[in-house]
Amino acid sequence: MDKKQKKDYSKYFLPNLVQARRRLKNVVTNRHSFNLAKKYCELGNGKKFFIRTYGCQSNVRDSEDITGLLQAMNFKPADDIEQADIVILNTCAVRENAEKKVFGEIGFLKRLKNKNPKFLFGICGCMPQEEAVVEKIADSIEHVNFVFGTHNIHMLPDILNQVINHQQRVIQVYSKEGEVIEGLPNARNSQVKAFVNIMYGCDKFCTYCIVPYTRGKIRSRSKEDILNEINRLIKQGYQEITLLGQNVNSYGNDFGIEYHFWNLLEDVALTNIPRVRFATSNPWNFDVKIIEVMKKHKNIMPYVHIPVQSGDETILKAMNRAMKINDYINLIDQIRKVIPNCSISTDLIVGFPNETEEQFANTVKLFHRIKFDNAYTFIYSPRIGTAAALIKDRTNFATKRLRLAQLNELVRHYAKTNNEKWINQTVDVLVEGKSKTNEAVWTGYTPEWKVVNFRGKAKIGEIIPVKIHSISRFSLNGEVASKH
């Protein structure tokens, strides 16, 4: 076959990056309530499933819904991938390394398929929203039985019915304005903490970022649906919820009414769930009213993740994040003034195309100024379809790796320095379980999002006082306190 000739994809629904970029005005988001058809309820009889999740908190939350759907169809979870009759990889497209890991896993799963011809294998999440990825799967990775994207998780029962009962290969990925589907069954990963989506999608189009393409336009959930979900979680004994969105500050902008994120945040706090968090907040529209609500309600945790990405304004402009560094500094200073114990974390990209030594030095300078509690650092990864991927980059990769190493040393330094103030302090810890490395040690988090490893009597799900006696770079160590 001529390499230039493309295969016929007419039997599949493939993504389209041009369509995914469109943001049409006056388009009303379709909102539906999910109901599982009876004909799918026994589809999983005698079958086990395994899900591997890559990427961000949104993917983790999606996997909870996928798990819930599979269990509603009577599939049972497998303890190990090799025991499963069906494996689903829920993928991330933010960085190239994440995609390489997935393709490596695809190769491993081919061996399982060879051992068991009835073994079923599917891919979902953000990677399938990329045209090149899906075309590669359609062309040359025949052992993938089904593919779906971020917009049609609710269609999984019908997809599996086609695969299992009709022996069809299904590739169904949509690039459309998007919907909000309520009432999906879910299986939470924790009985203590829960993620709650308040919105989907992003309209910001930072030049390096594929998320607006893979997650679609902004679609906010209704206040009533969000609060109903949280109240159900409270009745189930959950102690903490995290409100999720690509940029929670933009919540409600698509409603056309005066109800914003800070309004929702206050309403959530008034449910009296012990702990409330939110992620993520873009600094460009972080309103002072958010800070005021955080100060007013003690159950809103003093922790903010607020990505800056670079400390250089020229780089920020090239990223389509045209924010003045002084404005960012003033925002952080204001947060710390109103909430003195607030922890601040961020995201930072090094090696954006043609980043100079001086521009990188500005990022280092900003880090010294803010003294972040933590930072998630990355080397720039070009994503096909984004504006930055078209820039010819003259900065070599070895230089980028050296910059990342320098930045990570700063992260470690300030993480430890910031932790030192907690020595001999008593902190409230939400107990999550036993340490993975020592059964005699419990682990949990402070309100400021500090990991605490401690000894003493405790129960999963309770909030108890712990006296800190030592620290490490990224955790605090202590004993259960007799008095608080």
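Starting from 1, each residue takes its place in the sequence as its number. Because the structure is predicted, anything quoted here is derived from the model rather than measured.
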For Ser472, check side-chain contact (heavy atoms from CB on, under 4.5 Å) against everything at least two apart and list the hits. Ser475
Which pair of heavy atoms, one from Gly351 and one from Tyr380, lies closest together, and at what distance? O-CB, 3.4 Å
Search all heavy atoms of Leu69 against all heavy atoms of Pro157 and return the closest pair with its distance. CD2-CG, 4.2 Å
Just jot down the ring-ring contact (aromatic ring centres under 6.0 Å, His included) partners of Tyr200, sequence neighbours excluded, or say none. none
Atom of Met199, atom of Ile218 and distance for their closest heavy-atom approach: CE-CG2, 3.8 Å
For Lys76, give me all partners under side-chain hydrogen bond (donor to acceptor under 3.5 Å, both in side chains), at least two apart in sequence or on another chain. Asn74
Asp373 and Ser345: side chain donor to acceptor below 3.5 Å: no
Side-chain donor-acceptor pair present, Asp428, Tyr445, cut-off under 3.5 Å: no
Which pairs pass salt bridge (Lys or Arg N to Asp or Glu O under 4.0 Å) with one or both residues in residues 289-306, sequence neighbours excluded? Glu266-Lys296
Stepwise side chain to side chain donor-acceptor pair (under 3.5 Å) test for Asp79 and Gln83: CA-CA 7 Å; Asp79 295 327; Gln83 297 175 355; 5.6 Å; no
Pair Arg383 + Glu99, salt bridge at N-O below 4.0 Å: yes
List for me each residue that meets ring-ring contact (aromatic ring centres under 6.0 Å, His included) alongside Tyr54, sequence neighbours excluded, and say none if there are none. none
Of all heavy-atom pairs linking Pro302 and Met294, the shortest is CA-CE, 4.4 Å
Shortest non-hydrogen separation from Pro128 to Val147 and the atoms involved: CB-CG1, 3.6 Å
Check salt bridge (Lys or Arg N to Asp or Glu O under 4.0 Å) between Arg221 and all other residues, then give those that pass, not counting sequence neighbours. Glu182, Glu229
Looking only at the side chains, is there a donor atom on one of Asn282 and Lys204 sitting less than 3.5 Å from an acceptor on the other? no
Between Tyr251 and His260, is the gap from one ring center to the other below 6.0 Å? no
For Asp158 and Tyr40, test the side chains for any donor-to-acceptor distance below 3.5 angstrom and give the result as yes or no. yes
Does Lys136 qualify as a cation-pi partner of Phe103, given the criterion of NZ or CZ under 6.0 Å from the six-membered ring centre and within 45 degrees of its axis? yes
Please confirm whether His143 and Phe119 have ring centers closer than 6.0 angstrom. no
Are the side chains of Tyr303 and Glu448 in contact, using a 4.5 Å heavy-atom criterion? no
Any pair counted as ring pair (Phe, Tyr, Trp, His ring centres under 6.0 Å), so long as it reaches residues 209-250, sequence neighbours left out: Phe205-Tyr213
Testing the 3.5 Å rule here: is there a donor-acceptor pair between the side chains of Ser250 and Asn247? yes
Any ion pair linking Glu179 and Arg31 (charged N to carboxylate O, less than 4.0 Å)? no
Counting C-beta onward and ignoring hydrogens, is there a side-chain heavy-atom pair between Leu265 and Val248 closer than 4.5 Å? no
State yes or no: are the ring centers of Phe372 and Tyr414 separated by less than 6.0 Å? no
Going by atom types alone, do Asn272 and Asn299 pair a side-chain donor with an acceptor below 3.5 Å? no
Can Asn145 and Lys113 be said to form a side chain to side chain donor-acceptor pair (under 3.5 Å), step by step? CA-CA 10 Å; Asn145 298 100; Lys113 187 87 170 179; 2.7 Å; yes
Partners passing side-chain contact (heavy atoms from CB on, under 4.5 Å) against Asn152 (at least two apart in sequence or in another chain): Phe148, His154, Met155, Ile159, Gln172, Tyr174
Looking at residues at least two apart in the chain, or sitting in another chain, which of them share a ring-ring contact (aromatic ring centres under 6.0 Å, His included) with Phe278? Phe261
Using a strict 4.0 Å threshold on nitrogen-to-oxygen distance, state whether Lys337 and Asp333 make a salt bridge. no
Using atom types as modelled, flag every donor-acceptor pair under 3.5 Å from a side chain in residues 87-96 to any protein atom, sequence neighbours excluded.
unit_1	atom_1	unit_2	atom_2	d
Asn90	ND2	Asn59	O	3.0
Asn90	ND2	Ser63	OG	2.9
Thr91	OG1	Cys124	O	2.8
Thr91	OG1	Met127	N	3.1

Kindly determine whether Asn453 and Thr443 satisfy side chain to side chain donor-acceptor pair (under 3.5 Å), including the steps that lead there. CA-CA 5 Å; Asn453 300 308; Thr443 188; 3.2 Å; yes
For Arg455, check salt bridge (Lys or Arg N to Asp or Glu O under 4.0 Å) against everything at least two apart and list the hits. none
Residues Arg188 and Glu64 bridged, charged N to O under 4.0 Å: yes
Restricting to salt bridge (Lys or Arg N to Asp or Glu O under 4.0 Å), what partner residues turn up for Arg412, sequence neighbours left out? Glu409
